[in-house]
Chemist: 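Sharing a structure with you now.
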Amino acid sequence: MADTISVINPATEELIKEIPVDDSVIIADKVQQARAAQPAWAATPLADKIAAIKTFRDLLVERADSLAATLTAETGKPITQAKNEVLSTPQRIDFFIENVAQVLAAQRVYQEPWQAVPGTGQLEEVITYDPLGVVVNISAWNYPYFVGANVFIPALLTGNAVVYKPSEIAAMTGSEIAALLHESGIPNDIFVPVIGTGLAGATLLEHPIDGVFFTGSYATGQKVAMAAAPQLIKVQLELGGKDPAYVCDDVDVAAVAAGLADGAFYNNGQSCCALERIYVHTDIYEPFVETFVQTVQGFKLGDPTEPDTYLGPLSRKPQISVIEQQLQDAVAKGAQVLCGGQSVHRPGWYFAPTVLTNVTHGMTVMGEETFGPVIGIQRVSDDHEAVALMNDTDYGLTAAVYSSDRARAVGILGQVRSGSAYWNCCDRVSPQLPWTGRNHSGIGSTLSTLGIANFLHPRGWHLKRYRK
Ligand code: NAD
C-alpha cells in the first residue's frame, strides 16, 4: 500500500483525509514526462500561455470561497486571511502577464555602423533568452498561493516545465492549484505536481533538472543547495527571517503600535516577513508598549472558519515546543511576559499571542526564527544602537523603520542588511519589487522583472555581416 500524508485540521486535531504520496518510481516518471513535454511548451506562442494563465487567474477569483476553505481546513489560517491570500494572488499574476513579453524580448545592445570597405561589414550584438527547461518548485505551506505563484507563474510563462512539490502541510491546496492550472489549459505534463514530504523533495533533486526554486526554512534550504550543487543548476532560495522594526521617537505612537502588532501577529506570526523583533526609542518606550499590548489583547483568537477570527491555531504542532523553548530560555534570562506565554486550553494547536519585554540578544527568541505569535520588544537609546541590533542577525529578509522623518528613516535603513526596506510600513510584498533576502534569508529573488528573468538563460549573439 502506498504511503500517505495524514492531513490534520490544526483547529480540531481531526483527520481530514489521507493523501497518497508519490514514490520514487512515480517521481522519476513525472520528471521524465516534464522533460519530454517542455520543448513543445517552449514553442507555444506566448499569447496562448498567457491565455491559460489568465483563465487560472479568473478561476481563482471565481472559486475563492472554496479554495480558501481548503486552506483554512488544512493550515488553520483564519478564513478572512485565507480568502485575502487567494484573492490577492491575481495581482501578482497580472504583473507577470503584463511584463513577461518585455523581459523575453530580444535586445540589440550594439550595432556598428555599416563599413563600406570590402572585407569589412557590420557587427551586431544581441541578447535573447531561452527557458531554463525543467524546473523544480519546492514550496512552503504558510502562503501556498503567494509563494507558489511567485515561482510557477513566471516559470510557465517563460516556457519552462514545472515539477511542483507543495508542502505536506498544504498538500490539498497544492493539489487544487494543480487541478486549476490543468483546467485552465496548462498541459498535465508541463505543470506536474509531486505529492509528498521532504523525502519527495529530496528525491526530485536526484533527477536531472535545470533549476530548483525553493521556499522554506534556512535549514532545508541549505540541504537543497547542497543536493543541487553537483548538477550546477540554478538554485533560488526564499528562506526565513528574523525581521526587525525600529520605532523612532518622532512617531504617532498609537498608530504605529497598532500597525506593528498586525505585522507581528498576522497569520499567527507564520509569515517569512512577520516582525520578530521590535526596537523602540527610549523616549516613547512606555506608551508604545502599553498600546501594543492593548492591541494584541484585542485580537480575536478562535475558530478559523469564523470571519472575525484574527488568530487561529498554529499550522504545525511541533512549533509549539519551539516556541515554549524560546520562552523558557527568555524568561530564565530575565524577559518579562506581558501577555500570553502559553498554549490555549482548547482542542487544536493554539498558542496565546505573547509579548515579551526586557529581552536581550543573548536570548534565542531574539536570534532564531520563532515563526509563531511571539514578539520581543527591546528599548534602545538612539539610532546607532538600533542599527547595530537590527544587523545582529544571521538573516536579512526585511527591516522597517518608523519615523516622521524620511531622510532619517532611509539613512538608517541604508545601514541595515535586508532584501526589503520599509519606511512606515512592514510585512508588505509588492509584485513590482524584488522579493529577496540576504545571508540566511536566501539567494535570488522572486517578483519584479528580475523574478521573471530568473527563469531564463540569456544568450549573447555576436553577429557579423560581411561585405562581399
Ligand atoms: P520547510 O523548510 O520545513 O519545508 C519547505 C519545503 O521543503 C516543503 O515542501 C518540504 O516538504 C520540503 N523539504 C523538506 N526537506 C527537504 C529536503 N531534504 N529536500 C527537499 N525538500 C525538502 O519550511 P516550511 O515549514 O514549509 O516553511 C516555513 C519556512 O519558510 C519559514 O522559515 C519561513 O520563513 C520560510 N518562508 C520563506 C518565504 C520567503 O519568501 N522568503 C516565504 C514563505 C516561507
Side-chain angles (χ1 to χ4, degrees), residues 240-248 251 253-254 256-299 301 310-311 313-314 318-345 349-381 385-386 388-395 397-402 426-427:
K242 190 73 195 169
D243 292 356
Y246 168 44
V247 187
C248 297
V251 298
V253 171
V256 172
L260 289 185
D262 185 51
F265 291 97
Y266 191 83
N267 198 26
N268 234 334
Q270 300 171 122
S271 306
C272 52
C273 54
L275 282 180
E276 297 229 351
R277 304 176 282 150
I278 299 179
Y279 304 102
V280 182
H281 194 284
T282 186
D283 290 355
I284 52 152
Y285 179 80
E286 277 81 15
F288 176 88
V289 170
E290 194 185 328
T291 321
F292 189 92
V293 171
Q294 271 169 14
T295 308
V296 173
Q297 285 173 330
F299 288 147
L301 178 146
Y310 181 80
L311 291 167
L314 289 163
Q319 201 62 15
I320 292 186
S321 313
V322 173
I323 293 170
E324 283 170 348
Q325 279 166 24
Q326 288 193 356
L327 292 184
Q328 269 166 26
D329 171 72
V331 169
K333 291 172 181 164
Q336 232 185 316
V337 181
L338 298 192
C339 63
Q342 65 215 343
S343 298
V344 178
H345 295 292
W349 308 327
Y350 285 85
F351 201 91
T354 301
V355 179
L356 299 175
T357 53
N358 276 1
V359 288
T360 68
H361 277 217
M363 303 172 182
T364 54
V365 77
M366 295 301 275
E368 290 171 15
E369 190 177 38
T370 308
F371 224 58
V374 177
I375 189 81
I377 305 180
Q378 188 165 348
R379 184 197 293 266
V380 295
S381 53
E385 188 184 3
L389 288 169
M390 283 198 277
N391 274 330
D392 182 25
T393 174
D394 291 333
Y395 291 102
L397 194 58
T398 81
V401 171
Y402 285 72
C426 65
D427 190 23

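We count residues from 1, following the sequence as given.
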Chemist: With distance as the sole test, does Gln378 use its side chain to make a donor-acceptor pair with the main-chain N or O of Tyr279 at under 3.5 Å?
Modeler: no
Chemist: Quick check: closest heavy atoms across Ala245 and Leu275, and the distance to 0.1 Å?
Modeler: CB-CD2, 3.6 Å
Chemist: Decide yes or no for His345 and Tyr350: does some side-chain heavy atom of the first lie under 4.5 Å from some side-chain heavy atom of the second?
Modeler: no
Chemist: Between Gln297 and Cys339, which heavy-atom pair has the shortest distance, and what is it?
Modeler: NE2-CB, 3.7 Å
Chemist: My understanding is that only residues two or more places apart in sequence, or in another chain, count here; which of them pass side-chain hydrogen bond (donor to acceptor under 3.5 Å, both in side chains) with Asn268?
Modeler: none
Chemist: What are the two closest non-hydrogen atoms of Leu301 and Phe351, and how far apart are they?
Modeler: CD1-O, 4.0 Å
Chemist: Going from CD on Glu368 to CE on Met363, what distance comes out if it is rounded to the nearest 0.5 angstrom?
Modeler: 13.5 Å
Chemist: Is there a donor-acceptor contact under 3.5 Å from the side chain of Thr354 to the main chain of Ala352?
Modeler: yes
Chemist: side-chain hydrogen bond (donor to acceptor under 3.5 Å, both in side chains) with Gln328: which residues, sequence neighbours excluded?
Modeler: none
Chemist: Show me the pairs that pass salt bridge (charged side-chain N to carboxylate O under 4.0 Å, His left out) and involve residues 263-273, at least two apart or across chains.
Modeler: none
Chemist: Could you tell me if the side chain of Ser343 sits less than 4.5 Å from the side chain of Ile320, heavy atoms only?
Modeler: yes
Chemist: Is the shortest heavy-atom distance from the side chain of Ile323 to the side chain of Pro373 under 4.5 Å?
Modeler: yes
Chemist: Applying ring pair (Phe, Tyr, Trp, His ring centres under 6.0 Å), can you list everything that pairs with Phe288, at least two apart in sequence or on another chain?
Modeler: Phe292
Chemist: Give the C-alpha distance, both sets of side-chain angles, the deciding distance and a yes or no for side-chain contact (heavy atoms from CB on, under 4.5 Å) between Val401 and Met390.
Modeler: CA-CA 10 Å; Val401 171; Met390 283 198 277; 4.2 Å; yes
Chemist: Rounded at 0.5 Å granularity, tell me how far CG in Asn267 sits from CG in Leu311.
Modeler: 9.5 Å
Chemist: Rounded at 0.5 Å granularity, tell me how far CG in Asp329 sits from CD in Glu324.
Modeler: 13.5 Å
Chemist: Evaluate side-chain contact (heavy atoms from CB on, under 4.5 Å) for Tyr285 paired with Thr357, printing each intermediate quantity in order.
Modeler: CA-CA 10 Å; Tyr285 179 80; Thr357 53; 3.4 Å; yes
Chemist: Do you know the tightest heavy-atom contact between Asp427 and Ser271?
Modeler: OD1-CB, 4.2 Å
Chemist: I need the full list of salt bridge (charged side-chain N to carboxylate O under 4.0 Å, His left out) pairs touching residues 258-286, with sequence neighbours left out, sorted by first then second residue.
Modeler: Lys242-Glu276, Glu286-Arg379
Chemist: Heavy atoms, side chains only, cut-off 4.5 Å: are His361 and Leu389 in contact?
Modeler: yes
Chemist: In Å and rounded to the nearest 0.5 Å, what is the OG1 to CD1 distance from Thr291 to Ile284?
Modeler: 9.5 Å
Chemist: Are the side chains of Leu356 and Leu327 in touch, meaning some heavy atoms are under 4.5 Å apart?
Modeler: yes
Chemist: Of all heavy-atom pairs between Cys426 and Ala400, which one has the smallest distance, and what is that distance?
Modeler: CB-CB, 4.1 Å
Chemist: Quick check: do Gln270 and Leu314 have side-chain heavy atoms less than 4.5 Å from each other?
Modeler: yes
Chemist: Looking at Gly241 and Leu397, what are the two nearest heavy atoms and their distance?
Modeler: CA-CB, 4.3 Å
Chemist: Spell out, as yes or no, whether a donor-acceptor pair under 3.5 Å connects the side chain of Thr370 to the backbone of Gly372.
Modeler: no
Chemist: The test is side-chain contact (heavy atoms from CB on, under 4.5 Å); show your working for Ile377 and Val280 and say whether it passes.
Modeler: CA-CA 7 Å; Ile377 305 180; Val280 182; 3.7 Å; yes
Chemist: How would you list, by chain and number, every residue that makes a ring pair (Phe, Tyr, Trp, His ring centres under 6.0 Å) with Tyr266, sequence neighbours excluded?
Modeler: none
